[in-house]
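Being a predicted model, the structure only gives us computed values, none of them experimental. As a basis for the values below, the full set of heavy atoms in this structure was taken, side chains included, without hydrogen atoms, waters or symmetry mates.
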Amino acid sequence: MMQSGKQKRAAIMARRQARREAATRAPVMVRPKGARQANLALLAPHNSYGAPAFVERGYYIDLAFTCRDCGASQVWTAEQQQWWYETAKGYVYSTAIRCLGCRQARRRALAGTIKENKQ
């Protein structure tokens with residue numbers, strides 16, 4: 001079937017409009033199970049050009065890591081991240097690197113060296 005120039009332009013404009021609407025529609029984001037909503041107003045201020053991944057996502061997810069000291073595989077849960085960033089006001093670009101046991105041992109060792117230096 002033949003179309004006039006006016007009909008072709010109308011079809012082209014309709015396709016363009018449909019593409020624009022599709023591009024401006026917010027993508028449907030399905031949060032993984034166990035994810036926690038990030039409250040960006042509670043974060044400590046950070047002067048940076050970029051944003052951490054959880055800020056861009058809008059929620060925290062469980063992150064797997066390997067302990068720097070003992071090499072054990074651990075998971076930094078979304079709940080722990082939320083506490084660290086929002087309640088404790090931790091630096092937004094920091095991540096967990098040590099398991100609980102190694103963190104406690106490191107604190108005891110550092111506390112011992114500080115006490116020795118003061119005496």
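No more than 12 heavy-atom neighbours from other residues, nucleotides or ligands sit within 6.0 angstrom of CZ on R106.
In this structure, CD1 on I97 lies 10.0 Å from CZ on R103, to the nearest 0.5 angstrom. Between the CG atom of L42 and the CG atom of L40 there is a distance of 9.0 Å, given to the nearest 0.5 Å. Considering CD of Q81 and CH2 of W76, their distance stands at 5.0 Å, rounded to 0.5 Å.
With sequence neighbours excluded, no residue satisfies side-chain hydrogen bond (donor to acceptor under 3.5 Å, both in side chains) with T66. W84 is linked by a side-chain hydrogen bond (donor to acceptor under 3.5 Å, both in side chains) to S94, counting only residues two or more places apart in sequence or in another chain. Legend: residues meeting side-chain hydrogen bond (donor to acceptor under 3.5 Å, both in side chains) with Q37, ordered by chain and number and at least two apart, are R31. Taking the side-chain hydrogen bond (donor to acceptor under 3.5 Å, both in side chains) definition, one finds that Y93 meets it with S48, sequence neighbours left out.
In this structure, I61 and F54 have side chains that are not in contact, with every pair of non-hydrogen atoms separated by 4.5 Å or more.
When all heavy atoms are compared, the tightest approach of T77 to D62 is CA-OD1, 3.3 Å. Residues C99 and C70 come closest through the heavy atom pair SG-SG, 3.8 Å.
A side-chain contact (heavy atoms from CB on, under 4.5 Å) with R36 is found for exactly one of W83, Y59, Y60, namely Y60.
Pairs of residues two or more places apart, or lying in two chains, never qualify as salt bridge (charged side-chain N to carboxylate O under 4.0 Å, His left out) while including a residue from residues 5-21. Within the structure, salt bridge (charged side-chain N to carboxylate O under 4.0 Å, His left out) pairs that include any residue of residues 86-98 comprise D69-R98 (at least two apart or interchain).
Aromatic rings of Y85 and Y91 (six-membered ring for Trp) have centroids beyond the 6.0 Å cut-off, not under it.
Proximity of a side-chain donor or acceptor of Q104 to a complementary backbone N or O of G101 within less than 3.5 Å is not detected.
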